Each structure stands twice: as C-alpha cells, then as structure tokens.
*Asks:* 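Before anything else, here's the structure in question.
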Amino acid sequence: MLFAGVDIGSTTTKCAIIDENKKKLVFVKMDTEFDRNASGEKIFQKALDTIQASEKDVTCIVATGYGRKSFRRTDLDIPEIIAHAVGTEFLMPGTKTIIDIGGQDSKVIQLDETGNINRFEMNDKCAAGTGRFFEVLTHRLLGIDMSELSDLIKKSKEPCTISSMCTIFAESEIISYLSQGIPIADIAAGTGVSIARRIIAMGRTGRVDFAEPIVFSGGVAQNEGITQLFEELLAKKVTAIDSPQSTAAVGAALRALKQYNKRVGS
Ligand code: ADP
C-alpha cells in the first residue's frame, strides 16, 4: 500500500510517496507550470514511474501548497503550515522552530513538545523575504547563478545594507552600489541579510521565540550562506534539513496514511 503527498508550490511542485510503515520511497520535484492540476498530475506520474508503481497501488493522496485546491485527483487537501509541521517533525523529531523560505512566501512556525503548532507567521503578500527576492536581485540583476550564491555570501567581509523592504526599491539600491564599485559578494550577502532580518522580525511579530532546535527548509535552505546568516543574526544553531523542499510533501503523504488509518479504524 502506498500513500502520496503532492505539494503544488508557487515555484516548484513536489511529490513524496511513503509505504504503510512510513518509509519514504521517493521524492521528486519539477517547476510548477501555469496549469496547477497538470503539474500535480505530472509529478505524481513521475514519482510512480521512479518506483515503478501504478496509480492503483496508491491508497490515498493528500495535496498541499498554494495550488492544492486545483489538484483534482486528491482525496484531501491540507494547509501548507500543517504539512510543513507534520513533515518536519517526522524528519527531524523534536524540532521547535521551522523557518521555511519558498519561492513566493516565507513562514516561521513554532512547535510544542508534541510537534503541534503553537504559533506561526507567514508572508505571502510581498516578494521581500522570499526566494523571489533573491532571484530578482541576485540572479537576474547581478547575473549570479543560484548555485554560486552561497559561496559568494560566505566570501563577503562587509555585507552592504539593503534598507528597502520593497523589491523594486531594493533593485535601485543595488544599482547604486554597483555604480559605486561595491563588490558583488557584499551585495549578495547584503541581500541575504535583508531576507534573514525580515523573516526574524516577522517571527517576532508573531511572538515566535526561535527556540532550538531550529530547522531551515524550503528552496532557499539549499543555500548554506543564508543558513549561516540566520545563525549569526539569531546567535543560535540553525540546521538546514536534507532535501529541504520535501518537508510539506512528506507531511502530506503522512496525512494520507493517517486518513487511511482513520477510515479503516486502526
Ligand atoms: P515553493 O514551495 O514556494 O514553490 P520552494 O520551496 O521549492 O518554493 O523554493 C523555491 C525557491 O528557492 C525559488 O525562489 C528559488 O530561487 C530558491 N532557491 C533555490 N536554490 C537556491 C539557492 N541555492 N539559494 C537561494 N535560493 C534558492
């Protein structure tokens, strides 16, 4: 028996499949396409193909993420915050704080002793503090490849100050730094500091106390430089989870198993 979690995010779509013993069998991802339902179908099929399974082997599918309501095949859909909490607590038991930075949103979630959500704060209204802010300011404006970004941030001795909270105004600030001959590494690190500061402030607004263990997830958690910036700013240990884009899909797959157990009364 197989259980699938499909996370249709603003930027990437992911699928995790587990068995009845909660063993993760596969995790796959792709860029989200305009048609959210088609993205869900494609990633589900890709996951099945990877483990050479058929859709008949899948007992229950749970969807999550921004596009979850568009995925017609799903048995149930759950909010991302819940999917992240369930997935992260399973992958890293005992987590107290989750920082998740995705393509177009960021979240800070506080968990209690039993892994339940205590508090959370989310930004999905503005690009600042999200992966998109990074993409626009470093990749598109400075021409930095996302894979080089982390090393550049780590190289910076003096991150510049990006004071603008708005992506458009931050872009003007960066253009001005470039014309002053400020090294690209300092501009990239300044962008990272701006994102990390904004997310910490957002969490504090929601009275999240950033208790340890702190786990960092989402696409931006692939960037070691940003993990280090969070550690410096919080003066606490921050652990980027392995396969950081998988947590919500894993959480959704676990919910699919729970849903089945509820149905059969076990
Ligand atoms: P979502 O679930 O919202 O679709 P993801 O969690 O998959 O988003 O994250 C996608 C984001 O991660 C994109 O904005 C992408 O630019 C960003 N990203 C990917 N790799 C890196 C990296 N090495 N450094 C910083 N950001 C990155």
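None of these values were measured; they are calculated from a predicted model.
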*Asks:* Check the surroundings of atom CG in D242: do more than 12 heavy atoms from other residues, nucleotides or ligands lie under 6.0 Å from it?
*Replies:*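 No.
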*Asks:* Within a strict 4.5 Å, meaning less than it, do heavy atoms of the F134 and T191 side chains meet?
*Replies:*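 Counting from C-beta outward, F134 and T191 do come under 4.5 Å.
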*Asks:* Do other residues, nucleotides or ligands put more than 12 heavy atoms under 6.0 Å from K258 NZ?
*Replies:*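 Atom NZ in K258 is not crowded, with 12 or fewer foreign heavy atoms closer than 6.0 Å.
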*Asks:* Quick one, I43 and V6 - any side-chain contact, counting heavy atoms below 4.5 Å?
*Replies:*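 Sidechains of V6 and I43: in contact.
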*Asks:* Using every non-hydrogen atom in the two residues, find where A4 and F44 come nearest and quote the distance to one decimal.
*Replies:*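 Smallest heavy-atom distance, with atoms named: CB-CE1, 3.9 Å.
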*Asks:* Between CD1 of I168 and CD of E173, what distance do you get to the nearest 0.5 Å?
*Replies:*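 Here the rounded value is 13.0 Å.
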*Asks:* Would you find more than 12 non-hydrogen atoms of other residues, nucleotides or ligands less than 6.0 Å from R119 atom CZ?
*Replies:*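 Atom CZ in R119 is packed in, count exceeds 12.
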*Asks:* Before you tell me yes or no, could you show the steps for K154 and E224 under salt bridge (charged side-chain N to carboxylate O under 4.0 Å, His left out), namely the whole-Å CA-CA distance, both residues' side-chain angles and the distance that decides it to 0.1 Å?
*Replies:* CA-CA 8 Å; K154 287 196 266 180; E224 229 178 85; 2.7 Å; yes
*Asks:* Establish whether V62 and V264 are linked, either directly or via other cluster members, by ILVMFWY side-chain heavy-atom contacts under 4.5 Å.
*Replies:*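 Yes, one cluster joins them.
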*Asks:* Does the pair L2 and T59 meet the rule for a side-chain contact (heavy atoms from CB on, under 4.5 Å), with working shown?
*Replies:* CA-CA 6 Å; L2 302 177; T59 308; 5.9 Å; no
*Asks:* Quick check on the hydrophobic clustering: are V193 and F133 connected, directly or via other members, by side-chain heavy-atom contacts under 4.5 Å?
*Replies:*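 In one cluster: yes.
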*Asks:* Hey, are the side chains of V108 and I199 touching, using non-hydrogen atoms and a 4.5 Å cut-off?
*Replies:*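 Of all side-chain heavy-atom pairs linking I199 with V108, at least one is under 4.5 Å.
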*Asks:* Run the salt bridge (charged side-chain N to carboxylate O under 4.0 Å, His left out) test on K237 and E212 for me, step by step, so that the C-alpha distance in whole Å, both residues' side-chain angles and the decisive distance to 0.1 Å come before the verdict.
*Replies:* CA-CA 7 Å; K237 171 104 188 98; E212 293 175 83; over 6 Å; no
*Asks:* Measure across T130 and I195 and return the closest heavy-atom pair with its distance rounded to 0.1 Å.
*Replies:*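 Smallest interatomic distance, heavy atoms only, reads O-CD1, 3.9 Å.
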*Asks:* According to a hydrophobic-cluster definition based on side-chain heavy atoms being under 4.5 Å apart (Ile, Leu, Val, Met, Phe, Trp, Tyr only), do V238 and L91 belong together?
*Replies:*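 Each belongs to a different hydrophobic cluster.
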*Asks:* Is any NZ, NE, NH1 or NH2 atom of the basic residue among D186 and K157 found under 4.0 Å from an Asp or Glu carboxylate oxygen of the other?
*Replies:*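 Here D186 does not pair with K157 in a salt bridge, since their nearest N and O are not under 4.0 Å apart.
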*Asks:* T239 side chain to I241 main-chain N or O, any donor-acceptor pair under 3.5 Å?
*Replies:*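 Here the side-chain-to-backbone pair does not exist.
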*Asks:* How long is the straight-line distance from CZ of F3 back to CZ of R255, given to the nearest 0.5 Å?
*Replies:*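 Result: 14.5 Å between the selected atoms.
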*Asks:* Any non-hydrogen side-chain atom of S246 less than 4.5 Å from a side-chain atom of K14?
*Replies:*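 Not in contact.
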*Asks:* Decide, yes or no, whether a salt bridge links R73 with E55 under the criterion of side-chain N to carboxylate O below 4.0 Å.
*Replies:*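 Counted as a salt bridge, because a side-chain N and a carboxylate O are separated by less than 4.0 Å.
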*Asks:* After noting the C-alpha distance and the side-chain angles of L149 and I144, does the key distance pass the side-chain contact (heavy atoms from CB on, under 4.5 Å) rule?
*Replies:* CA-CA 7 Å; L149 195 54; I144 303 169; 4.0 Å; yes
*Asks:* Among residues at least two apart in sequence or on other chains, which ones pass ring-ring contact (aromatic ring centres under 6.0 Å, His included) with F71?
*Replies:*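 F71 satisfies ring-ring contact (aromatic ring centres under 6.0 Å, His included) with no residue once adjacent residues are dropped.
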*Asks:* Quick one: are I117 and L111 in side-chain contact, heavy atoms under 4.5 Å?
*Replies:*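 Yes - at least one pair of side-chain heavy atoms lies under 4.5 Å apart.
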*Asks:* Looking at every heavy atom in both A252 and T64, which two are closest together, and how far apart are they?
*Replies:*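 Heavy atoms of A252 and T64 come nearest at CB-CG2, 4.1 Å.
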*Asks:* Say whether I61 and V28 are linked into one hydrophobic cluster, either directly or through other cluster members, by side-chain heavy-atom distances under 4.5 angstrom.
*Replies:*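 Yes, because I61 and V28 connect within a single hydrophobic cluster, where side-chain heavy atoms sit under 4.5 Å apart.
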*Asks:* Please step through side-chain contact (heavy atoms from CB on, under 4.5 Å) for the pair R68 and T74, ending with a clear verdict.
*Replies:* CA-CA 9 Å; R68 65 185 183 273; T74 191; over 6 Å; no
*Asks:* Look at the side-chain heavy atoms of Ile, Leu, Val, Met, Phe, Trp and Tyr, link any pair under 4.5 Å apart, and say whether L234 and M202 land in one connected group.
*Replies:*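 In one cluster: yes.
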*Asks:* Do T167 and E171 have a side chain donor and acceptor closer than 3.5 Å?
*Replies:*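 Judged by distance alone, the side chains do not pair up.
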*Asks:* Does the pair E231 and T227 meet the rule for a side-chain hydrogen bond (donor to acceptor under 3.5 Å, both in side chains), with working shown?
*Replies:* CA-CA 6 Å; E231 290 194 318; T227 311; over 6 Å; no
*Asks:* Looking only at side chains, do T32 and T12 share a donor and an acceptor under 3.5 Å apart?
*Replies:*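 No - no donor-acceptor pair under 3.5 Å links their side chains.
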*Asks:* Would you check if I174 and I182 make a side-chain contact, meaning some heavy-atom pair closer than 4.5 Å?
*Replies:*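 In short, these two side chains do not touch, never coming nearer than 4.5 Å.
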*Asks:* Look up atom CG in D105 and atom CG in D100, then write down how far apart they are to the nearest 0.5 Å.
*Replies:*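 The CG atom of D105 sits 7.0 Å away from the CG atom of D100.
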*Asks:* Just so I know, are the side chains of L152 and I184 near enough to count as touching, which here means a heavy-atom distance under 4.5 Å?
*Replies:*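 Side-chain contact under 4.5 Å: yes.
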*Asks:* What distance do D49 atom CG and K42 atom NZ have between them, rounded to the nearest 0.5 Å?
*Replies:*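 The distance works out to 13.5 Å.
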*Asks:* What's the spacing between I214 CD1 and K96 NZ if we round to 0.5 Å?
*Replies:*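 Between I214 CD1 and K96 NZ, I get 11.0 Å after rounding to 0.5 Å.
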*Asks:* Looking at E80 and K107, is any side-chain nitrogen of the basic one under 4.0 Å from a carboxylate oxygen of the acidic one?
*Replies:*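 Salt bridge: yes.
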*Asks:* Do the rings of F216 and F230 sit parallel, tilted or perpendicular, given the 30° and 60° boundaries?
*Replies:*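 The rings of F216 and F230 stand perpendicular, inter-plane angle above 60°.
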*Asks:* Mark yes when over 12 heavy atoms from residues, nucleotides or ligands other than F120 sit less than 6.0 Å from its CZ; otherwise mark no.
*Replies:*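 No - once you tally the heavy atoms of other residues, nucleotides and ligands closer than 6.0 Å, there are 12 at most.
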*Asks:* Of all heavy-atom pairs between S39 and E33, which one has the smallest distance, and what is that distance?
*Replies:*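 What the structure gives for the nearest pair is OG-N, 2.9 Å.
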*Asks:* Just verifying a value: how many Å separate S194 OG and L137 CG, rounded to the nearest 0.5 Å?
*Replies:*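 Going from OG on S194 over to CG on L137, the span is 8.0 Å.
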*Asks:* When you look at F27 and I17, which way does the side-chain contact (heavy atoms from CB on, under 4.5 Å) test go after all the steps?
*Replies:* CA-CA 7 Å; F27 169 70; I17 295 183; over 6 Å; no
*Asks:* If you count the non-hydrogen atoms of other residues, nucleotides and ligands that lie under 6.0 Å from CD in Q52, is the total more than 12?
*Replies:*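 No, the 6.0 Å shell around CD holds no more than 12 heavy atoms from other groups.
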*Asks:* What I'd like to find out is whether the side chain of F169 reaches to under 4.5 Å of the side chain of S163, using heavy atoms alone.
*Replies:*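 Not touching, per the 4.5 Å side-chain cut-off.
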*Asks:* Should R207 and D209 count as an ion pair when the cut-off is N to O under 4.0 Å?
*Replies:*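 Judged by the 4.0 Å cut-off on N to carboxylate O distance, R207 and D209 do not form a salt bridge.
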*Asks:* Work out which heavy atom in I18 is nearest to a heavy atom in A253; give both atom names and the distance.
*Replies:*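 Closest pair (atom of I18, atom of A253, distance): CD1-O, 3.6 Å.
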*Asks:* At their closest point, which heavy atom of Q222 faces which heavy atom of P244, and how far apart are they?
*Replies:*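 Where Q222 meets P244 most closely, the heavy atoms are CG-CG, 3.7 Å.
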